[in-house]
Each structure stands twice: as structure tokens, then as C-alpha cells.
Amino acid sequence: MQIILSDVLGFCFGVSRAIALAEEALAGGCAVCTLGSLVHNPQETARLAAAGVRQVETPEAVDGDAVVIRAHGARPETFDALRARRLRIIDATCPFVQKSQRIARRFNKQGMTLVIVGHENHPEVQSILGYFPGPAHVVASPDEVAALPGGITPGIIAQTTMPEETFQAVVDAIAARYPRFAACDTVCSATRERQEAARRLAAQVDAIYIVGGRHSSNTNRLAEICRRACPRTVLIETAEEITLADLSGVEKLGIAAGASTPAWLIQTVIDRLEALAGQAQQS
Ligand code: SF4
């Protein structure tokens, strides 16, 4: 069995930077909290917790010296609440998310109605909504465009981890319904590169593992994209989930991983697959 890695996989620069900032503060002797999970990967979150990074869900619950704002960003009122408590804020908001926040503000000044192509409960979407004071809408697919109100001028952006084709399909549906609108494609380059590389790989293998958190948006999108080209697409969080049934009859096996999957976890999957391939050769 040949194991082929995606050309681009694992941590994006925004997640790497957030983790590096938290680790730097820890190394400097700070008691570090994060508001929400720093990365949507349970194994990496457990590693950080073991190193001393505490996760809390509200500004009121922060009890360390420093608080890290994760790459997804936070609403302005969250920053205000942390400042009021005179906490040291380590702002790891990804520059791509900051760009979306700025566009949301601009759309508001231009009198448009913000439409985010994404998932309403995702923390990045929630942070961006905080920068748009007016009524805003979140749609996950072009089918949901019909439910938007009439008489508005939509200003459309994307959650950074959405598939390009979903963003474009929503823009097309809005163009067919509204005479005036503006669209800024804010899918980030890290997402685009991982999705394109995984799509290419899925087309040339018999089966593909997507390594990443089950609750990670970018990992789930990668699995969706790969499944279209390769029905034997399997999302796994850890190497222990690999089964011989997954590998039955597979000559070429692909491995891709979302932007929230650490390199050490991808390596454990490769190690287990190589061990299984070695055992199969001997038997
Ligand atoms: S997925 Fe994109 S927007 Fe999100 S943290 Fe990574 S680089 Fe930034």
C-alpha cells in the first residue's frame, strides 16, 4: 500500500501563531487562559491543558494573568469586558479574520445588510457579527437565500473555512434575486490551499483519511470535498481509529488534515499506517 500525503496539510499560520503566543506567555511565567478552545482539536487542546493553558468560556471566568483571544477573534464587547478587568490581552485573532471584521464594519457604513456564508454558531462568525451593529444573516447554502428579507442590499462575506464553491453558489443565488449587492471572498488562502490539495489527492487514491477534530469546521469541509471525488473518505481524530476494513483492497491511500490538526498527530497516523502495511507484507 502506497501512502500519499496531501501537498498542504495541518496547522495553518493563524492557529500556529495563536498556540505559539500562548506557549510564549506560559514560558514567561504567566498563568494563561484562553477564551474558548484555542484550536478545534481535542488532542491538541488536551496537550495545551496539560502544559498549563486553562480554557474558560466567559471574560468573567478568566482567572489568570493573561488571556489569549483565539484565531477566530472575539466581539468588541468581549475585549471591553477584559480591559475593564485590567487583564493582559494577547490578541491572536488571525489577520484574515480581522480583514472580515473590517469589511463587516465597512458594509455597515455603506448601509448594506451583512450576509455571512458560514455556520451561525461558529466562533469566527460570532466574532464577525459583533462588528456589524445592524441586522445580519448567516446562510450555509444557496437554498437559504430564499429566506433572506427583500428590499436589502446584501454585503456578502464568507467564513474563512467555507468551500469556495459554496460561497460562489450563494453569491450567484443572491445575484439572481437582488439588483444590488457586494461580495468579498474572504475564504482564507490556508483553507483554499488545503481544500485544493485534498481535492487533487482524493481524485488519485482508493481511500483517504482526513485527520482532524470531529467538531472542526475546516476538517469537516475537507471531508465533504474529498468524499465527492473518493467515496472511501474517512474522518479520524486519532491513529487508534484506523481499521483494517478501511484499508481492505486499498493500493493508494491518501492522508489530508485540516488547518487545526497538529503535525504530531498526523505523524502518529502515518506511523500506525506504516506499521500496519509492514505487518501485511510479512503475513
Ligand atoms: S483557517 Fe485561515 S483564517 Fe482561520 S486561523 Fe487559519 S489562516 Fe487564519
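Atoms within each ligand, like the ligands themselves, are counted from 1 in listed order. One is the number of the first residue; the rest follow in order along the sequence. Predicted, not measured: the structure shown is a model, and the values here were computed from it.
- Aromatic ring centres of His122 and His215 lie farther apart than the 6.0 Å criterion allows.
- Contact annotation: the side chain of Gln159 approaches that of Ser217 to within less than 4.5 Å [non-hydrogen atoms, C-beta and beyond].
- Less than 4.0 angstrom separates some heavy atom of Ala71 from each of these atoms of ligand 1: 5 (S).
- Atom CZ of Arg177 sits in a crowded spot, with more than 12 heavy atoms from other residues, nucleotides or ligands closer than 6.0 Å.
- Nearest to atom 8 (Fe) of ligand 1 among the protein's heavy atoms is Cys94 SG, 2.3 Å.
- Comparing Thr186, Val39, Thr160, Val187 by heavy-atom distance to atom 4 (Fe) of ligand 1, the nearest is Thr160.
- Taking a cut-off of under 4.0 Å to the non-hydrogen atoms of Ala190, the atoms of ligand 1 that pass are 7 (S).
- Of the protein's non-hydrogen atoms, Cys188 SG, 2.3 Å is the one closest to atom 2 (Fe) of ligand 1.
- When all heavy atoms are compared, the tightest approach of Glu241 to Asp246 is O-OD2, 4.1 Å.
- For residue Cys12, no N/O/S atom approaches atom 2 (Fe) of ligand 1 to within less than 2.8 Å.
- The shortest side-chain heavy-atom distance between Cys33 and Val68 does not fall under the 4.5 Å cut-off.
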